[in-house]
Amino acid sequence: MREAFDALHTNVQRKLWDMRWTELRPIQVQAIRHLLGKGGDCILSSPTASGKTEAAFLPILSAIADDPAGSVRAVYIGPLKALIDDQFRRLEELCERLEVPVHRWHGDVGDGARRRLLAAPGGVLLITPESLEAMFVRRATAMPRLFRRLAYVVVDEMHAFLGTERGAQLVCQLHRLRMRAGCDPVRIGLSATLGDAPSARGWLRPGGPAATLIEDSASETTLAIRVRGLWRRAPRAGGEREDAIEVDTSLVELARAILLAGKGNTNLIFANAKSRIEALADALVREAESMQLADAIVVHHGSLSKEMRAHAEERLRAAGPCSAVCSNTLELGIDIGQIDEVVQVSAPWSVASLVQRVGRSGRRAHARRVLRGYFVEDAADAQSVVWDGLHLEFLRAVALIELMLERFLEPPHLGRAHASTLIHQILSTLAETGGATAAVLYARVVGSGAFAAATPESFAEVLRELGRRDLIEQMGDGSLVLGDRGQDQVDHYTFYAAFHAPEELRVLHGDDVLGTLAEVPPPGEHVIFAGRRWRVDAIDMERRAVFVSPSKGGKPPAFISPPGLVHPEVHRKMRELLLGGNEPAYLDDVAKAILKSSRATAARVGYFAPSAQPFAGGLRLFLFGGTRVHKTLYLVLARAGIDVDVYDIGLEARGATENIVDTLRAFANAPDPEGLAAFADEKLEQRRFGREKFEPFLPPSLWRAVFVREELDIPSVVVMVQGITS
DNA sequence: GACCTGCTGCGGCATG
């Protein structure tokens with residue numbers, strides 16, 4: 001412990017004295033020993049608020065303090081802008097006594113700050129993968145100067161990248177950076193929620209030595225959980241006025257309950273979907289007013305302008321009570337002021353997400369964490385639709401809380417082909433280099449190890465397809481350059497993100513930019529946005545802008561996104577909750593009644609194992625097998641022309657029962673995954689299954705092979721069908 | 001009935 005402190009640079013030590021640190025946390029001691037000792041790539045894995053960022057940067061700053069210039073010396077890559085801004089503040093403070101400059105670069109960072117970095121590269125740079133991508137495309141010639149002496153790369157919130165498009169992009173970028181700037185920095189990953197830390201060791205540097213795993217499982221602060229249930233009431237009309245909207249009385253009741261429990265505190269309220277976030281914010285603003293509460297209500301999500309987000313963040317940091325209704329833009333790492341309580345309205349998709357959200361509260365010493373859950377459910381009776389009577393979203397939330405208490409975390413989906421991101425990185429590398437031979441391109445992109453499934457043959461096949469589609473073309477000397485359509489892709493500002501997002505229009509009130517919307521109501525209609533009510537005055541498609549003015553009416557906006565993946569373990573726990581008789585102590589009386597109602601519904605349909613239950617309109621499949629298995633079965637039935645819906649834990653197929661059962665049996669007896677893939681390729685809307693950004697540019701045969709391998713789960717489906725149809 | 005994350009350059013204008 002003492003020797004770890006002694007190993008730090010004198011001015012880092014002085015700063016710690018200034019900040020009145022009395023001791024180093026265990027993860028910090030271990031990280032200092034490792035990074036200032038034998039060194040090498042490492043993963044720092046410890047609970048939220050255990051000081052991981054400092055664990056990485058105390059030794060990094062100590063190592064570069066006497067030699068901070070000549071190029072950027074350390075890069076920090078974060079998944080969220082708000083997180084980068086927060087870490088920027090903390091690092092600036094840490095660097096106060098050092099000669100180490102701290103820079104940040106993301107979409108909301110102004111020209112001035114960018115020019116300062118370009119003029120005198122040095123110290124630490126905080127950046128998103130998307131902004132780094134933009135550097136490769138637009139400023140490739142400056143990159144050697146910027147990163148020549150780069151010694152460290154810190155990947156924060158590593159779990160947010162593992163097994164995702166952005167993760168493959170990031171791993172490829174690190175390799176490309178090495179090729180471009182001749183640097184080979186030590187790679188350091190940070191996370192509090194790695195579902196499988198040992199398997200993450202090989203991710204930071206594929207094909208290279210595995211990272212050293214530095215773990216500190218110090219027990220978390222005490223956590224108080226309270227889950228409150230509310231029964232939904234019938235909506236009533238809002239009155240005669242033209243701009244009045246239907247008033248959802250349960251939303252009003254929900255808002256009132258949240259305000260009463262949280263008043264006088266600083267709270268984060270997670271409501272999952274942007275549409276729901278806006279609806280709840282609107283209700284909270286109105287109720288706070290009618291209750292004459294001084295508490296501020298602010299909104300924070302990714303479709304709001306930087307000004308709106310900055311306002312919310314400032315208000316949270318300021319003294320005085322404040323509640324922020326937010327999406328996962330405030331989920332990770334952020335340490336904004338003193339958050340007293342975390343409120344979760346409806347269920348998130350994963351345990352990891354819940355753990356991160358809970359980790360936003362109680363970050364000061366001796367403060368406890370508080371999680372309040374709220375669920376509005378329809379009262380069910382014997383006539384109710386079974387799916388409603390199971391109260392699936394509520395059940396999922398309780399399952400996630402139970403799994404969190406058992407310390408379960410979803411393992412990442414590693415080893416994926418990431419074919420969409422492969423194309424992204426091919427196009428980006430051609431923009432970066434201005435042109436390259438296939439061999440060079442292979443070395444730069446596939447050589448990163450981010451695309452484990454790519455072979456020289458499949459890579460060549462992808463290149464040929466890109467050529468056929470005018471995305472790339474071959475010059476006389478054999479080298480490859482961007483084609484017309486490839487240049488169009490790369491020139492558009494939406495290119496830099498590896499993930500798909502719908503095109504959006506800017507929402508303007510006078511000169512103020514409120515944010516962006518993909519689904520805009522026609523002029524004359526009303527919309528709730530940024531926590532306020534607006535009338536749509538005009539839409540200018542050419543300028544891609546919507547003009548709004550304040551109004552009294554409004555309804556929440558729609559956003560387009562495919563549903564998330566639920567891990568089979570979460571479904572297993574939901575089923576266990578239905579079968580078991582215990583009542584978690586954190587449920588209030590209504591929540592207990594909701595759980596009881598779920599169990600009564602399950603008993604009424606005789607559900608005790610995965611099963612197929614006939615009903616008047618067809619067959620209901622209660623599966624609890626995880627989203628991948630359900631999607632596979634959805635395809636089996638939809639391909640046979642059967643009308644089918646997915647309901648979290650199962651499916652509802654409509655039509656003649658015999659036909660449905662025969663279709664399932666026929667598939668189990670002779671599965672043809674390729675047929676399912678072909679059907680998905682031809683018929684499936686992007687909305688339902690969420691195809692990745694550049695998948696439309698893949699050779700169809702390759703797309704289908706990847707789809708079969710990664711999106712379908714044939715063995716599980718065969719076993720399940722045999723079980724439910726025997 | 002179903003999540004979210006992120007994003008450049010430039011022209012036009014006002015200001016010192």
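So you know, we letter chains A, B, ... as the sequences are listed, proteins then strands, and number each from 1.
Between A:Ser131 and B:dC7, a side-chain N or O to OP1/OP2 separation shorter than 4.0 Å is present. Not one side-chain nitrogen or oxygen of A:Ser353 sits closer than 4.0 Å to the OP1 or OP2 atom of B:dC3. At the phosphate of B:dC4, neither OP1 nor OP2 sits under 4.0 Å from any side-chain N or O atom of A:Thr329. Taking 4.0 angstrom as the limit, A:Lys81 places a side-chain polar atom (N or O) nearer than this to OP1 or OP2 of B:dC7. Dashed line: the shortest gap from a side-chain N or O of A:Ser561 to OP1 or OP2 of B:dC4 is under 4.0 Å. One finds a side-chain N or O of A:Arg309 lying less than 4.0 angstrom from the OP1 or OP2 phosphate oxygen of B:dG6.
Every side-chain hydrogen bond (donor to acceptor under 3.5 Å, both in side chains) that A:Ser323 has, sequence neighbours left out, goes to A:Asn267. Not a single ring-ring contact (aromatic ring centres under 6.0 Å, His included) links A:Phe270 to another residue, sequence neighbours left out. Residues satisfying the side-chain hydrogen bond (donor to acceptor under 3.5 Å, both in side chains) test with A:Glu157, not counting sequence neighbours, are none. In this view, A:His424 and A:Phe495, A:Phe694 satisfy the ring-ring contact (aromatic ring centres under 6.0 Å, His included) rule, not counting sequence neighbours. Every residue meeting the side-chain hydrogen bond (donor to acceptor under 3.5 Å, both in side chains) condition with A:Glu278, not counting sequence neighbours, appears here in chain and number order: A:His301.
If you check B:dC7, B:dT5, B:dG1 against the side chain of A:Glu393, the one that comes closest is B:dG1.
Residue contacts shown for A:His492 are absent, as no nucleic acid heavy atom lies under 4.0 Å away.
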What pairs of nitrogen or oxygen atoms, one from the protein and one from nucleotides 9-16 of chain B, lie under 3.5 Å apart?
residue : atom : partner  : partner atom : Å
B:dG9   : OP2  : A:Arg139 : NH2          : 3.3

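Remark: A:His391 NE2 to A:Phe375 CZ distance equals 12.5 Å, nearest 0.5 Å.
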